[in-house]
Amino acid sequence: MGQNDIMSTAEDFADQFLRVTKQYLPHVARLCLISTFLEDGIRMWFQWSEQRDYIDGTWNCGYFLASIFVFINLFGQLSGCILVLSRNFVQYACFGLFGIIALQTIAYSILWDLKFLMRFCRTLWAQP
């Protein structure tokens, strides 16, 4: 069996696989893109009190405001994920998820975390 036969068989297999899975690939791709937000939103649901206590302890804003922050975070992430997956208002959902990232960057003091910034800069500089 020559190299051309192996390549031809592989191409035929890939072509048949794509024909079968073509309708599912956009949904899988969208799920992969929003998986971090989905996981974070679900984790916030199950760790509500820990998240609220962390925000209250970090910002000394009180139980009520910390709860509001966690709710906005939770609702923003899960609703953005649902909108992206359902392909409704995708542009607005992406803007909302970007806003959640900005909110978390400030609230969780990521912006001033030197270790995080160095890791981020190293990732940027490593790009070809």
Side-chain angles (χ1 to χ4, degrees):
M1 192 174 214
Q3 187 175 4
N4 288 337
D5 292 338
I6 294 171
M7 289 300 290
S8 177
T9 304
E11 286 176 1
D12 290 342
F13 176 76
D15 192 41
Q16 180 149 355
F17 178 77
L18 286 176
R19 263 189 252 125
V20 172
T21 60
K22 189 176 187 178
Q23 62 185 350
Y24 304 111
L25 288 178
H27 301 294
V28 172
R30 288 176 189 273
L31 182 63
C32 288
L33 289 172
I34 56 101
S35 61
T36 299
F37 296 104
L38 187 61
E39 180 273 331
D40 197 34
I42 292 170
R43 187 172 41 80
M44 280 194 165
W45 177 268
F46 288 107
Q47 296 180 347
W48 178 276
S49 60
E50 291 93 344
Q51 295 289 327
R52 182 196 57 227
D53 293 342
Y54 177 80
I55 293 298
D56 184 25
T58 303
W59 291 95
N60 293 323
C61 60
Y63 180 84
F64 180 73
L65 287 177
S67 296
I68 294 295
F69 171 80
V70 174
F71 176 76
I72 289 170
N73 233 337
L74 171 78
F75 181 76
Q77 289 185 58
L78 292 181
S79 63
C81 290
I82 290 168
L83 289 173
V84 167
L85 286 176
S86 66
R87 295 189 289 180
N88 292 319
F89 306 107
V90 173
Q91 188 173 9
Y92 296 115
C94 289
F95 285 138
L97 292 173
F98 180 75
I100 293 294
I101 291 173
L103 185 67
Q104 286 182 350
T105 301
I106 294 168
Y108 290 107
S109 303
I110 296 171
L111 189 60
W112 299 279
D113 184 7
L114 187 60
K115 185 178 177 182
F116 176 80
L117 287 175
M118 289 299 139
R119 213 174 23 188
F120 177 71
C121 291
R122 185 182 70 195
T123 306
L124 285 178
W125 291 330
Q127 300 297 322

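- To the nearest 0.5 Å, atoms CD1 (I106) and CD1 (I101) are separated by 12.5 Å.
- F64 and M44 end up in the same hydrophobic cluster when Ile, Leu, Val, Met, Phe, Trp and Tyr side chains are linked at under 4.5 Å.
- Here the shortest heavy-atom pairing between L103 and I72 reads CD2-CG2, 4.2 Å.
- The line from CG of D15 to NZ of K22 is 9.5 Å long, rounded to the nearest 0.5 Å.
- Residues A66 and C61 come closest through the heavy atom pair N-SG, 3.7 Å.
- More than 12 heavy-atom neighbours from other residues, nucleotides or ligands sit within 6.0 angstrom of CH2 on W48.
- The side chain to side chain contact (heavy atoms under 4.5 Å, CB included) check on I100 picks up N73, Q77, Q104, with sequence neighbours excluded.
- For A93 against G80, the heavy-atom pair with the smallest separation is CB-O, 3.7 Å.
- Contact between A107 and W59 at its shortest, heavy atoms only, is O-NE1, 2.7 Å.
- Taking CD from Q16 and OG1 from T21, the interatomic distance works out to 10.5 Å, rounded to the nearest 0.5 Å.
- Judged as a ring-ring contact (aromatic ring centres under 6.0 Å, His included), the pairs with a partner in residues 70-104 (not counting sequence neighbours) are, in order, F71-F75.
- Under a 3.5 Å cut-off, the side chain of S8 and the backbone N or O of D5 do not form any donor-acceptor pair.
- Put simply, the side chain of V90 does not reach to within 4.5 Å of the side chain of L83, judged on heavy atoms.
- Counted within 6.0 Å of CZ on R87, heavy atoms from surrounding residues, nucleotides or ligands total 12 or fewer; the atom is thus considered open.
- By the rule that hydrophobic residues join a cluster once side-chain heavy atoms approach within less than 4.5 Å of another member, V70 and I42 end up as members of one cluster.
- The CD1 atom of I55 lies 11.0 Å from the CG atom of L65; values are rounded to the nearest 0.5 Å.
- The hydrophobic cluster containing F46 also contains Y54, counting ILVMFWY residues as joined when their side-chain heavy atoms lie under 4.5 angstrom apart, directly or transitively.
- Distance NE2/H27 to OG/S86: 10.5 Å, rounded to 0.5 Å.
- In this structure, the separation between CG on L97 and CD1 on I34 is 8.0 Å, given to the nearest 0.5 Å.
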